[in-house]
Amino acid sequence: MRISALLAPLFPDLDRPLRAEDSPATVEGWDSLRQVEVVLAVEEAFAVDLGTAEIAALRSVGELVAILRRRGLQAEV
């Protein structure tokens with residue numbers, strides 16, 4: 001599953017697809033509330049519960065993909 005497509009509705013003002021290096025520091029509107037929405041969207045789409053350590057490590061789109069791949073899930077940016 002393409003994470004950029006999954007998360008695109010959460011960032012409607014972004015005029016390009018999300019990239020691996022994108023993070024709250026690089027995407028306007030990616031605040032703490034949006035971070036919760038990112039986690040919920042991923043958990044629902046992949047039918048997983050991310051752990052506290054995984055959520056804390058989630059600092060970029062690329063890291064999100066890495067977390068999912070470590071769990072054996074098919075994910076790409």
Any pair counted as salt bridge (charged side-chain N to carboxylate O under 4.0 Å, His left out), so long as it reaches residues 53-66, sequence neighbours left out: Glu54-Arg71, Glu63-Arg70
Pairing residues for Phe11 by the ring pair (Phe, Tyr, Trp, His ring centres under 6.0 Å) criterion, not counting sequence neighbours: Trp30
Glu76 side chain reached by Ile3 side chain, heavy atoms, under 4.5 Å: no
Heavy-atom side-chain contact between Val61 and Glu21 under 4.5 Å: no
Nearest-0.5 Å distance, CG of residue Asp13 to CD of residue Glu28: 7.5 Å
Interatomic distance, Leu58 atom CG to Ile67 atom CD1 [nearest 0.5 angstrom]: 4.5 Å
Closest non-hydrogen atom pair between [X] and [Y], with its separation:
X     : Y     : result
Ala41 : Leu7  : CB-CD2, 4.3 Å
Asp22 : Pro17 : OD2-O, 4.2 Å
Ile55 : Gln35 : O-NE2, 4.3 Å

Hydrophobic cluster membership, Val39 vs Val48, 4.5 Å side-chain cutoff: yes
Same cluster (ILVMFWY, side-chain, under 4.5 Å), Leu73 and Met1: yes
Of Val77, Val38, Leu6, the residue whose pairing with Leu64 passes side-chain contact (heavy atoms from CB on, under 4.5 Å): Val38
Side-chain donor or acceptor of Arg2 paired with backbone N/O of Ala75 under 3.5 Å: no
Glu43: partners by side chain to side chain donor-acceptor pair (under 3.5 Å), with sequence neighbours left out: none
